[in-house]
Amino acid sequence: RQILTEDAVTTQVDGVVYYRIHSAVSAVANITDVHSATFLLARTTLRNVLGTQSLTQLLAGREEIAHNIQATLDSATEHWGIKVVRVEIKGVRIPVSMQRAMAAEAEAAREARAKVVAAEGEMKASKALKQASMVLAESPAGLQLRYLQILTTLAAENNSTIVFPLPINILESLWQKNRGG
């Protein structure tokens, strides 16, 4: 049966109602066609109950919804001599276009979460770099050692020529030693 959910999503819902006649006299005396009346009441109740649910509630709470429908039907058919034993919501289908739209929405939400995680990672990395720069600023020798360590790592990973720039203060001291000596 096609149902329009509370959040305006058209769904195709298949439901089954199991019932038994516990009083044949009441069934014959109170209603002309027990099976047809029970079917129509079940269909109407299904539409009314599911129309108050969102698609998410419908998909997540099918058993609870089925119990609510069963209780409603059972109280309505009791004076007919009918006992509703069980209600099952067998299948919920949504149109393909809605499935695509929901998939696109879910993908956009995942991408947004990934961007937030990446931004948080960048923020943590920048804080760590700031702390490292403060430590290295306190020790010029430590900065030189870190510089040499990076060059060693580069040389080990890439078998290529590395242009090694020397800080000006080292070149000046070498120049003065060669001139004066």
Side-chain angles (χ1 to χ4, degrees), residues 1-135 150 153-154 157-158:
R1 181 92 190 129
Q2 271 199 339
I3 306 289
L4 185 64
T5 62
E6 182 183 46
D7 50 355
V9 177
T10 303
T11 58
Q12 184 78 25
V13 179
D14 295 328
V16 179
V17 175
Y18 298 97
Y19 63 92
R20 62 182 163 79
I21 298 173
H22 66 82
S23 172
V25 173
S26 294
V28 171
N30 293 328
I31 195 133
T32 307
D33 186 350
V34 173
H35 300 293
S36 177
T38 305
F39 172 75
L40 291 173
L41 182 63
R43 197 164 82 174
T44 303
T45 305
L46 180 72
R47 186 178 62 240
N48 291 342
V49 170
L50 295 183
T52 64
Q53 305 290 316
S54 69
L55 180 62
T56 305
Q57 291 169 327
L58 172 59
L59 294 173
R62 292 197 302 187
E63 277 190 39
E64 183 180 336
I65 293 168
H67 288 300
N68 291 342
I69 292 171
Q70 178 181 345
T72 303
L73 286 174
D74 196 37
S75 67
T77 59
E78 184 179 359
H79 71 278
W80 294 352
I82 295 174
K83 170 69 177 158
V84 176
V85 180
R86 185 173 178 168
V87 172
E88 291 182 17
I89 297 175
K90 292 287 192 181
V92 178
R93 293 181 303 279
I94 56 176
V96 175
S97 61
M98 181 61 76
Q99 290 175 13
R100 286 190 199 117
M102 292 170 73
E105 182 181 350
E107 185 176 348
R110 282 191 301 273
E111 287 176 7
R113 284 191 301 272
K115 287 179 182 179
V116 168
V117 169
E120 288 173 352
E122 289 292 326
M123 186 171 62
K124 288 178 183 177
S126 67
K127 285 180 181 179
L129 284 172
K130 179 183 175 187
Q131 289 175 343
S133 70
M134 290 167 56
V135 169
I150 290 170
T153 303
L154 285 173
E157 290 178 4
N158 305 323

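Starting from 1, each residue takes its place in the sequence as its number. All values reported here derive from a predicted model rather than from experimental measurement.
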Not counting sequence neighbours, which residues clear ring-ring contact (aromatic ring centres under 6.0 Å, His included) with H22? List them please. none

Approximate separation, where rounding is to 0.5 Å, of T52 OG1 and I65 CD1: 7.5 Å

Hey, could you give me the CG/CG distance between L58 and L50, rounded to the nearest 0.5 Å? 5.5 Å

d(E107 CD, M102 CE) to nearest 0.5 Å is 14.5 Å

Could you grab the distance from atom CZ of R113 to atom CZ of R110, nearest 0.5 Å is fine? 7.5 Å

For Q99, I'd like to know if atom CD has over 12 heavy atoms of other residues, nucleotides or ligands within 6.0 Å. yes

Identified side-chain contact (heavy atoms from CB on, under 4.5 Å) partner of T38 from the options V34, L41, L40: V34

Search all heavy atoms of I21 against all heavy atoms of A27 and return the closest pair with its distance. CG2-CB, 3.9 Å

Sub-3.5 Å donor-acceptor pair from the side chain of Q2 to the main-chain atoms of T10, do we have one? no

Quick check for you: to the nearest 0.5 Å, what is the distance between S26 atom OG and I82 atom CD1? 10.0 Å

Closest contact, heavy atoms only, G51 versus I3: N-CG2, 4.2 Å

For residues 74-94, which residue pairs qualify under side-chain hydrogen bond (donor to acceptor under 3.5 Å, both in side chains), counting only residues two or more places apart or in two chains? D14-R93, D74-K83, R86-E88, E88-K90

Less than 4.5 Å apart, side chain to side chain, heavy atoms only: is that true for Q53 and T5? no

If you compare all heavy atoms of V87 against all heavy atoms of A66, which two are closest, and at what distance to 0.1 Å? O-CB, 3.3 Å

CG of L46 to OG1 of T72: how many Å apart, nearest 0.5 Å? 11.0 Å

Side-chain heavy-atom pair Y19, H35 within 4.5 angstrom cut-off: yes

